Each structure stands twice: as structure tokens, then as C-alpha cells.
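Just so it is clear, the structure is predicted and the values come from calculations on it, not from any experiment. Values below: all heavy atoms of this structure, side chains included; hydrogens, waters and symmetry mates excluded. Note that ligands are numbered from 1 as they come in the structure, with each ligand's atoms numbered from 1 the same way.
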Amino acid sequence: MRPDPTPSPSSPRFARVVLPIPVDQPFTYQIPDAMLGRVAIGCRVGVPFGKRALSGVVVDLLDHTDVPRTRAISEIEDVFAPPPLLELARWMASYYGCSRGEALQSVLPPSMRRAKVKAKPTGMLCVVDDALRRGGETSDTYAKAQASLARAKRQLALLTELVSAGGEAPVPVVLEEWGYAREVLDGLVARGIARIDPVDAASPLDSLEARVDWLNDEQKQALTLVTDALHSREFRPVLLYGVTGSGKTEVYLRAARHVVEEGGGCIVLVPEIGLLPQATARYRRAFGDLVAIIHSRLTGPERFDIWERIERGEHRVVVGPRSAVFSPVRDLRLIVVDEEQDESYKQDDKPRYHARSVALVRGKMEKLTVVLGSATPSAESLRWAREGKYALARLPKRVAGGVLPEIEIVDMREPDARGAVLSPRLSEHIEETLRADRQAIVFLNKRGHARTVQCLACGWVAMCKNCDVSLTFHRVDGRLKCHLCGYSRAVPASCDACNGRLLRYSGIGTQRVELELKSMFPGVGVLRMDADTTSGKDGHRRILEEFSTRQYPILLGTQMVTKGHHFPGVGLVGVVSAEEGLNFPDFRSPERTFQQLTQVAGRAGRADGAGRVVIQTYTPDHSVFRHLCAHDYDAFIAEELELRRRLGYPPFARIVLASCSSTNAELLSAFMENWAGRLRESLAGRGVAVLGPSPPLVPRVKNRFREQILLKGPVSQAHKDETLDAFRRLAENRRGASGIELRWDVDPESFFW
Ligand code: ADP
Ligand code: ZN
Ligand code: ZN
């Protein structure tokens, strides 16, 4: 609760303020008379700092100070950080190695002094026809509506979405989350297909109508485990391990409802890309205006507005991506981390926090129940569940029944497949699928590798002039581009090194697969989904929509096709170059590959009829593919954990990746050698290995050279602090070292930067 002290002559006259700069000391400011009694711990205030004006957070109030000449606070901003969040920021700062002010910048919404937020559109958009509401896409009325909307594609898409969301959705959701223009919505209303009903905001809980009447036995057990944890009022982590479609979300919804009925609040974290209409609509339906849905398209003022509503207790359920873990929910009892293994929970900028770790720490500090849910949990979480640190609930089968798709591995070393983009097996299956009038997804598993130009005579490869990476060929504009810095050049007519004219394109990209598909299946529509085709505001959504309304039989794409939407028409999933992810130099590569392939396999055959998955690989004997065929994630993780135990990787050790960059390669090398030497002296005897310095995967980016040191072992807070201290001392004492930038990553989730 925001404190509201009455000003009195004895009110503190000084405030200690942490600032968003890499200095961990609070600065002391004077509280001007006009603000006496109104500045509380946790307030965000505007202060002068040198020639700049900064936003900081008050962490302490003082009656006196020894600081000689203090400057005055210039204004009190609207945001207030409740004490538990200040505590959380303090932990983040020390654990992830940044200042408290920097940590608070991630915790609080962007600074928005007195921003105006427009009034929200309201109402519930409902499908008028009852048969259509109940029968969904199979009803006659849907066919009729479809015919009448043949020339209004957006309206048809909206209707389809509305029907699949249960026949109704709040207007703000349709406009903001689903991304439809107001005209599209009004169009459906004008045709009499939908209408807008007023929402009864009086008591959203009364209208809380569960669409699922009963839970199956496994769901009941899982829910009991969670509610028992809630009633204990202790910190209790629960791992909910259930295949896709096993009813995990239903368990989250009921647990959240339980919490709300008891007057508490909860946070549900979802991966950013998973913030798709179908999932969020369920929370809306269950909680009405009590739920706040946070997504990346919200503007600063909107985020700020939501923060305040949450703080006032107007929203008691918050659904959002990683930053939602910091929501100032009143009487917080529960945090759910859905798809807990997802990479998007790790923030890529300073402070490089992991939302799952933050959720667990917040849970411990505030005595919460923390539910981690996944179809393929991280090796870390599975280890803790096995060892009893987390309670484990399993949902082994899909609610709707149905068999898991059959997985077939195609050995690309066989003579008829070698060198092909699409093997004969895969093309046969695509053909069969199309003949059966079902849809196919072709997934290209690529990561960091792409098509580039190579000289057949001397082996020269077109490289970026600023970064040590090859340039990628883009068919759209026929240029070679750097994915790291954006540098681009025209495709050369001859080799830069030998002037030879025999250049060829190497590596497979989505565009290449698209050409192949189009030539193999002439006249068949192929929808391509990759960074190029989804760049617009709604590119991603639009493509998924076009595919789900069956305007195209084939969807081709990268990682993006693996998550989210439910496509009833898909009978086949083909995976091209499945091992590319495995070749990535990261100890988590096999785990990620397995998770990703499971996710993409889950797209096949979810409704009408069984599904099939065809995976092309040059390494069919790899443990990933063996266990994948048997759908045996447990056996796979057991092997992985054994391997990690032997090699001393997480979760059996901690890793810190300390990387530096500089424009001066020699200076950087000397600096890193020196630093690593000192660390070895101080840490090696205490069981922590200091590896490096070594060049990262890409040793130069935007003309800055890079080197890294890895700490590995039982790395404690003291070890981290000493390492950072050594860095600061070296950087202060060596001439020229001030140009060295440090990138400090505790518990890195990726070694590619
Ligand atoms: P998950 O989150 O594990 O993928 P969901 O909770 O989304 O699974 O459930 C998949 C589908 O099954 C949803 O459409 C949901 O409404 C439905 N469902 C979940 N539990 C039940 C149940 N006990 N009875 C009937 N349908 C259910
Ligand atoms: Zn050449
Ligand atoms: Zn570049």
C-alpha cells in the first residue's frame, strides 16, 4: 500500500536515492519544503545529476546527513515500488551484478510523468447466431457466413477467431490483442453476424463461468497439490509436467480462481510468442476486468496505467511475458511460469535476469506458491523435481484423447536423399497429405546459419566488413546482409579473393525451401513465415490466421511456427535439416532441439485424424532422435543429466559468462589474460574453474573485438563479487582500458552473442 503520511515538522528532510547508473551507491538529496512528508521509501523521484535529470527510487529517508552540499529532489513521479519489490531489486542487483538503480529500471514501468491514457473501448463482441456459437466451424451457419464473407477476408478471419474463442470476446481484446481494425469489427456488426453487448462490470466473479465442468483425475490431483501449497502459506514450488493439450492451462485457471476467491492475487507468466489470442481469451473469459494482459505492443503510458491499476488492486490476475513477474499485485499468493523452459524468459540486456529464477526468489521472499508448467521441462527443473525440491504433478495424456503423432526419421546419408532439400520420403508424405485435403507444416531448424555466397574455386565466403560472420543472401532484394550489424552489399559478380566467376549459394534458407516446394507442387499455396515475412506490426498474426482459415495448404518457417496456435487441419509436420540446432556450440543444444522438435511435432494431428512427423537428418543415431521417436523425454533427460553431471554443467554447477569487447584487439587480449590470471589465482583453489580467455562464436561485431572468460563450478556470490572487483581494479589501473566494455551474464542461457 502506498503510504500517505501527514506532513509534520519532524518529517525526514533527506532521501537516499538509487539511480539507473552503474554505481551501486545511493545518492543523498534534500527534500524541499513543498514535498515534506510526501516522499516515501519506494517513491520514484526526479533528481538532478550532474547536468542531467534522472529518475531514481527512494530507498531510505534521513533526518540528517553528513553529505556537505546536497541538491534537491525536483519532482515526485507517479510510480511507487512496494517494499517487496525493492527487496527483489536488491537481490537482482547482487545476483546479476548490476546496481540497484539499474535493477529497478527493469522492475518498474517506464518513466511517464503524468501521461494521458485514452479512454478504452468497452463491450463484449458476441456472435449473434446460437447455432454458430455452439457448433463452431462445423455448423451450417458457419458455412453460410463464410460464403457471405467471401470478399471480406478480415471479417471472416475475425469471425473464425471469435467462434474458436467460444463465440465472444471483449472489444478491447479484439482491437488490441488480436489486432483487428475497428472497421472490421463494425463490419461484422453491420452485417448482423455479431453484436456488441455491454459488459456488466459489477461483479466479474459472479459471471465467472467455467467452460470445463469436471477435471480428470490427474488434473484434480495437480490442482489439489497446488491448493495445498497455497493453503500452507509457505514457499512451495510445484512442477506441472504435462504433454501439450493435457489440460495444464485449465489447472492454472482454477488455481488462479481459487486465489482470487480467497481475496488474493496471482501472476501468470507466458512466453512472449505464446501471447496469442486463444490463450489470453481464456483468462479474459474467466476473470473479466480483474485480469491485466501485458504484451509488448502496449505503449509506455498504457504500461504505466496498468501498473497503477494493479497496485490499486483493480487487476488481481496479471498475464504477461517475463517483465510481468515484477507486477505489484496486491496480496500476491501464486506465480505460474508456463512453458518454463522457454528461452524468452531470459532477458538479453543488463540485468540479464531469468524470469523463472526471479519468480522462485520472489516466491521465497513472499512465501508464495510457484507453479512451473511445461510439456518438456528444463533439465534443471526436472532435476529439482526428482530430488524432491519441487513437488511434481504429471498430466501424461491429452484431455481430448488422441494418439501422439508417429515420428519417422529420414537418414539423409542414404543415396536417394543425400544433398536434397526435401527427401523423396518427405515429398511423398506432403503429396499424400495434400491429396487427403489436410495441411502440412515444413519446419526449417536453423539457428545462426543461413545461405551465403561461396567461391567454388578458392572457397572464399562473402563476409561482413564489420563483423566476423558470413553475409546472408536475401532473395527479396537480391542483396547480401549481415544479421548482426545490418551491413549490406550487392551480390558480387566474381570472387573478391580470386576473381573467379563460379559463385554458389550454400546453406539452406527458407527461401530456398520455398522454391523447392513450389517447383515440386506447382500451383499449391505456400505460406512462408520467417524474420522477413513477419516484420510488420501484425505480420506474425496475419500469417497464422491465413493458415488457420485454410487459405494455404503449406506453412513453411523457422522457430516461429513451433508455438502457439492450434491448427486442426494439420496432418503432417516435416523437419528439414533437423541437426542444425545440434551443431550449435552450447551444452543445452540437445535439450533445446528435443524441446523444439516436440513442440513442432505437437502441431500434427491435434484434431481430425492421426498426425505424422517426418524428420530429415544426417545424424539419425543421435540420442535426441532415438528418444524422440519413442516420445521418451524422461529417458532423454536422464541421459543429459548424467552427461552434465560428469562434465560439470548446470544444474550441477553454476556458470558465469564474462565477455569483454574493445576496438583494440591487443589491448583487449592483454587485459583478458591479466584478468583471467588473477581469477585463477584467487578462485581455482576454491573449486571454480576459470576457462579462457577465448574468442566467442563471433569474435568481432561492429568493429569491436570480443573475448570471453567462463567461470564454472560452485560459483558463489563472493566469487562473483571478487571477479567484478578484479575487473574494476584492472580497468581503473590500465591505461586505455576504459574503452573495454563488460557484458556480464550470470546463468547464461545462450553462448551466442
Ligand atoms: P495445455 O495447457 O496442457 O496445453 P489446456 O488446458 O489448454 O492444455 O487443455 C487443452 C484443451 O482441453 C482445452 O481446449 C481445454 O479447454 C480442454 N480441457 C482441459 N481440461 C478439460 C477437462 N477436464 N474436460 C474437458 N476439456 C478440458
Ligand atoms: Zn575465389
Ligand atoms: Zn556486420
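Between Asp348 and Arg743 there is a salt bridge, since at least one side-chain N of the basic residue sits less than 4.0 Å from a carboxylate O of the acidic one. Using a 4.0 Å cut-off between a side-chain N of Lys or Arg and a carboxylate O of Asp or Glu, Glu218 and Lys397 qualify as a salt bridge. A salt bridge between Glu339 and Lys248 is absent, with no side-chain N of the basic residue lying under 4.0 Å from a carboxylate O of the acidic one.
Heavy-atom contacts from other residues, nucleotides or ligands closer than 6.0 Å to CD of Glu546 number more than 12.
Judged by distance alone, the side chains of Glu741 and Ser662 never bring a donor and an acceptor atom under 3.5 Å apart. Side chains of Glu161 and Tyr180: a donor on one and an acceptor on the other come within 3.5 Å. There is a side-chain donor-acceptor pair under 3.5 Å between Glu591 and Gln595.
Remark: the backbone N or O of Val317 is not paired with any side-chain donor or acceptor of His315 at under 3.5 angstrom.
In this structure, Gly242 falls outside the shell of residues with a heavy atom less than 4.0 angstrom from ligand 1. Between Arg398 and ligand 1 there is no heavy-atom distance shorter than 4.0 Å. Residue contacts with ligand 1 leave out Leu253, since none of its heavy atoms falls under 4.0 Å from the ligand.
For the pair Thr244 and ligand 1, the shortest N or O to N or O distance does not fall below 3.5 Å. Residue Val399 places no N or O, backbone or side chain, under 3.5 Å from any N or O of ligand 1.
For the pair Arg322 and Tyr345, the cation does not sit on the ring face, since its NZ or CZ is not both under 6.0 Å from the ring centre and inside 45° of the axis.
For the Zn ion (ligand 3), the nearby protein N/O/S atoms, meaning those under 2.8 Å, are Cys464 SG, Cys467 SG, Cys482 SG, Cys485 SG.
Close contacts of ligand 1 with Val243, meaning ligand atoms under 4.0 Å from a residue heavy atom, involve 3 (O). Heavy-atom proximity to Asn216, at under 4.0 Å, picks out these atoms of ligand 1: 23 (N).
Residues Leu334 and Ile267 form no side-chain contact, since every pair of their non-hydrogen atoms from C-beta on lies 4.5 Å or further apart.
The option with the heavy atom closest to atom 3 (O) of ligand 1, from among Gln219, Lys248, Glu339, is Lys248.
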